[in-house]
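Atoms within each ligand, like the ligands themselves, are counted from 1 in listed order.
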Amino acid sequence: MENFDLMISSEEITGKVKEVAAQISADYKNEPIVVVGVLTGAFIFVADLVRELSVPVECVDFVQISSYKGDKSTGNFIFKKDISIDICGKNVLIVEDIVDTGRTLKKLRELLMLRNPKSVKICTAFDKPSRRVNDLVPDYNCFTIPDEFVVGYGLDYDGAYRAFKDVRIVRTDDE
Ligand code: IMP
């Protein structure tokens, strides 16, 4: 049986998303961007973020990544779903729910860079830097959080709890 402790309220999230969207809009100085969301967890953050941006959003697309069977530790990934647009010469903003070890985003950025975009930046809703195994630093981050397993705002536990409006720490009965 799981219990949940509130970590970040929906009001705090709403305010921070607006702040980060303003920072992104200022940095791109009206240059169009292509938003690439990472499924499944980023679907809510993408929806909220793009509606707060004042730079032109040329396109919103999604990728889904999976690790080769039993190989997560080596960071060998395949696209379960790739984007369907050509990003050559475009400003790409990868939008992720949470950065944990950093393996997913490091690899995704490398794979997208091979397609000759003008730029690739990373925006995450949540970051757990204490868990990082590489040098990945997101360009934009709404909340730095401690090493806790959290759900809500798109984040799941075995597929569940993505629809919570706030972010909660999962506690199991044995904790
Ligand atoms: P990374 O490659 O280790 O950075 O993995 C990032 C992915 O792990 C995220 O996109 C989530 O799917 C998942 N993840 C990491 N931490 C959490 C968490 O606290 N709650 C839910 N999913 C998480």
Close N or O approach (Val150, ligand 1; < 3.5 Å): yes
statement: Per-atom filter on ligand 1: closer than 4.0 angstrom to a heavy atom of Asp156 are 21 (C)
message: Between Lys90 (side chain only) and Lys118 (backbone N and O only), is there a donor and an acceptor less than 3.5 Å apart?
response: no
query: Is Lys106 near ligand 1, meaning one of its heavy atoms is under 4.0 Å from it?
result: no
- request: Would you mind running through ligand 1 and noting each atom that sits below 4.0 Å from a heavy atom of Gly102?
  value: 1 (P), 3 (O), 4 (O)
- prompt: Taking only heavy atoms of Glu96, which atoms of ligand 1 are found under 4.0 Å from at least one of them?
  reply: 10 (O)
- request: Go through ligand 1 atom by atom and flag the ones less than 4.0 Å from a non-hydrogen atom of Asp97.
  value: 9 (C), 10 (O)
task: Measure the acute angle between the ring planes of Tyr28 and Tyr140, then classify it against the limits of 30° and 60° as parallel, tilted or perpendicular.
output: tilted
- prompt: Charged N to carboxylate O under 4.0 angstrom, Arg115 versus Asp86?
  reply: no
field: Geometric cation-pi criterion Arg168 and Phe164, 6.0 Å radius, 45° cone
entry: yes
- line: Within 4.0 Å of some non-hydrogen atom of Thr104, the atoms of ligand 1 are 1 (P), 2 (O), 5 (O)
Test item: side-chain donor near acceptor, Asp61 and Ser84, under 3.5 Å: yes
message: Surrounding NZ of Lys165 (heavy atoms of other residues, nucleotides or ligands, distance under 6.0 Å), is the total greater than 12?
response: no
- request: Measure Ile98 to ligand 1 on non-hydrogen atoms and call it side chain, backbone, both or neither using the 4.0 Å cut-off.
  value: both
message: If the contact criterion is a heavy-atom separation under 4.0 Å, does Glu148 count as touching ligand 1?
response: yes
- request: Would you please say whether a donor-acceptor pair under 3.5 Å links the side chains of Glu12 and Ser9?
  value: yes
field: Ligand-residue contact atoms, ligand 1 with Lys128, heavy atoms, under 4.0 Å
entry: 16 (N), 17 (C), 18 (C), 19 (O)
